[in-house]
K.L.:
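Sharing a structure below in structure tokens format, with a few things to ask.
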Amino acid sequence: MPELPDVETMRRYLQATSLHQQIEEVDVRSEQLLAQTAVEELKERLIGHSFNSTRRHGKWLFVALDGDAEAFLVLHFGMTGGLKYFENMEEDPEYDRILFHFASGYHLAYIAMRKLGEVAIVDDVEAFVGNKDLGPDVLDPDFDLSAFKEVVDDRWVMAKALLMDQHELAGIGNVYADEILFQAQVHPRTRINRLSEETLEQLFGKMKSVLQEAIEHQAHPDRFPAWFLVPHRHGDGTCPRCGAGLERVKVSSRTSYFCPNCQHKKA
DNA sequence: ACATTGACCTGAGAGC
DNA sequence: TGCTCTCAGGTCAATG
């Protein structure tokens, strides 16, 4: 779930539901999610305050808090995280690890079945992004073709490994890397410096368009256009373009689905 | 430089 | 039905 389009969808969800309400209580049910911030500090910085606005960088969601000093709640969703806003505690979702209780009587749950996420309070988003050594957010308008070419920089890595490397590009994970490579008709193990200028431009365009389109469909594969690979990413899936059976290969120890007919090894 | 593996966690789904 | 096995949309450190 939580790659750039999913996190962007959650950002909009939080933005639409949870801003400008006083936080009455914070219930930390799984302390290990708080890597950098103590439970006491989290409560101190949140209780009596409210969420004011939201930002996102790659797979990281930042929620600005009201108050004198700049401060943000930071959320990462690991592999199985999400958010749910609800009123009745009987609707409290399973695997809720942190609960934010608002004075309005509503609640926001941070969900993480596998507890692989991270939650913290930070003062400075840019400093945080720098500390984590994150690459540019792929949907940042400043991240243009020439910036992408600088990242590629004639390196020898496999295309998929580069797309997924958060230190190079922030936001793309296993599923959307497959989708982007499929749309660009590039084999996942192709060395990135083997791509022609033209294919590289094609790849860049698909990075933007695939993520953008996924967001427009709320990152919900059921709603994706018919030519998208994601809904076919399973054992006996077939290519939505040519009908060939999809193949699987490991890249960076992640399962990659691709069409042997449409995605060639060379550019 | 680059690739792979295991660890961190807790299921969900498949196969028997 | 119940058990066991494999796999899972992320990231980091260690190893070759």
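Chain naming here is simple, since letters A, B, ... match the order of the sequence lines and numbering starts at 1 in each.
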K.L.:
Measure CD/A/Glu94 against C1'/B/dC9 and give the value in whole Å, please.
P.N.:
15 Å
K.L.:
Please give, in whole Å, the distance from B/dA12 P to A/Ile111 CD1?
P.N.:
13 Å
K.L.:
Nearest to the side chain of A/Arg254 - C/dC12, C/dG9, B/dT10?
P.N.:
C/dG9
K.L.:
I'd like to know if A/Arg254 pairs up with A/Asp178 as an ion pair, taking the criterion as any Lys NZ or Arg NE/NH1/NH2 lying under 4.0 Å from an Asp or Glu carboxylate oxygen.
P.N.:
no
K.L.:
Does a sphere of radius 6.0 Å around CD in A/Glu31 hold more than 12 heavy atoms from other residues, nucleotides or ligands, not counting ones at 6.0 Å or beyond?
P.N.:
no
K.L.:
Out of curiosity, A/Leu195 CG to A/Leu200 CG, how far, rounded to the nearest 0.5 Å?
P.N.:
6.0 Å
K.L.:
Once you apply a heavy-atom cut-off of 4.0 Å, does A/Arg248 come out as touching a base, just sugar-phosphate, or nothing?
P.N.:
nothing
K.L.:
Quick one: is B/dA12 close enough that its OP1 or OP2 comes under 4.0 Å of any side-chain N or O from A/Tyr95?
P.N.:
yes
K.L.:
I want to check one thing: is the phosphate of C/dT11, taken as OP1 and OP2, less than 4.0 Å away from some side-chain N or O of A/His76?
P.N.:
yes
K.L.:
Between A/Lys250 and A/Gln166, name the one whose nearest nucleotide on DNA chain C is closer to the 5' end.
P.N.:
A/Lys250
K.L.:
Rounded to whole Å, please give me the gap between CE in A/Met79 and C1' in B/dG11.
P.N.:
12 Å
K.L.:
Does atom CD (A/Glu70) have a neighbourhood of more than 12 heavy atoms from anything else shown, all under 6.0 Å?
P.N.:
no
K.L.:
When you get a sec, tell me which of B/dA12, C/dG9, B/dC8 is the closest nucleotide to the side chain of A/Arg233?
P.N.:
C/dG9
K.L.:
Between A/Tyr257 (OH) and C/dC7 (P), how many Å, whole number?
P.N.:
10 Å
K.L.:
Looking at the base of B/dA1, is there any donor atom on it, or on the side chain of A/Arg155, that sits under 3.5 Å from an acceptor on the other one?
P.N.:
no
K.L.:
Taking the P atom of each, how far is C/dC3 from B/dC9, in whole Å?
P.N.:
26 Å
K.L.:
Of all the choices, B/dA3, C/dG9, B/dT10, which nucleotide is nearest to the side chain of A/Arg97 once you look at every atom?
P.N.:
B/dT10
K.L.:
Can you check the A/Phe228 CZ to C/dG9 C1' distance for me, whole Å?
P.N.:
15 Å
K.L.:
Can you measure A/Asn174 atom CG to B/dT4 atom P for me and round it to whole angstrom units?
P.N.:
13 Å
K.L.:
Rounding to the closest angstrom, what is the interatomic distance between B/dA14 and C/dG9 at atom P?
P.N.:
15 Å
K.L.:
Can A/Glu247 and A/Arg189 be counted as an ion pair, charged N to O under 4.0 angstrom?
P.N.:
no
K.L.:
Show, in sequence, the C-alpha distance, side-chain angles and deciding distance for A/Asp153 and A/Asn193, and conclude whether the side chain to side chain contact (heavy atoms under 4.5 Å, CB included) test is met.
P.N.:
CA-CA 8 Å; A/Asp153 191 31; A/Asn193 64 358; over 6 Å; no
K.L.:
Tell me which nucleotide, if any, is Watson-Crick or G-U wobble paired with B/dC9 when both distances must be under 3.5 Å.
P.N.:
none
K.L.:
Would you classify A/Met158 as touching base, sugar-phosphate or nothing, given that sugar-phosphate means primed atoms plus P, OP1 and OP2, and contacts are heavy atoms under 4.0 Å?
P.N.:
sugar-phosphate
K.L.:
Counting side-chain heavy atoms from CB outward, which of C/dG9, B/dG11, B/dA3 is closest to A/Met113?
P.N.:
B/dG11
K.L.:
Does A/Thr255 or A/Lys59 map to a spot on DNA chain C nearer the 5' end, using the closest nucleotide for each?
P.N.:
A/Thr255
K.L.:
Should C/dG9 form a Watson-Crick or G-U wobble pair with both distances under 3.5 Å, which nucleotide is its partner?
P.N.:
none
K.L.:
What integer distance in Å separates A/Lys115:NZ from C/dT11:C1'?
P.N.:
18 Å
K.L.:
Contact class for A/His167 vs. all strands (heavy atom < 4.0 Å): base, sugar-phosphate, or nothing?
P.N.:
sugar-phosphate
K.L.:
For A/Phe77, report the nucleic acid contact type (base, sugar-phosphate, nothing); a contact means any heavy atom under 4.0 Å.
P.N.:
nothing
K.L.:
By nearest atom, which of the nucleotides C/dA8, B/dA3, C/dT11 is closest to the A/Arg114 side chain?
P.N.:
C/dA8
K.L.:
If you look at every strand shown and take non-hydrogen atoms under 4.0 Å, does A/Gln32 touch a base, only sugar-phosphate, or nothing?
P.N.:
sugar-phosphate
K.L.:
A/Leu162 CG to B/dA1 P: how many Å, rounded?
P.N.:
14 Å
K.L.:
Decide, yes or no, whether a salt bridge links A/Glu94 with A/Lys84 under the criterion of side-chain N to carboxylate O below 4.0 Å.
P.N.:
no
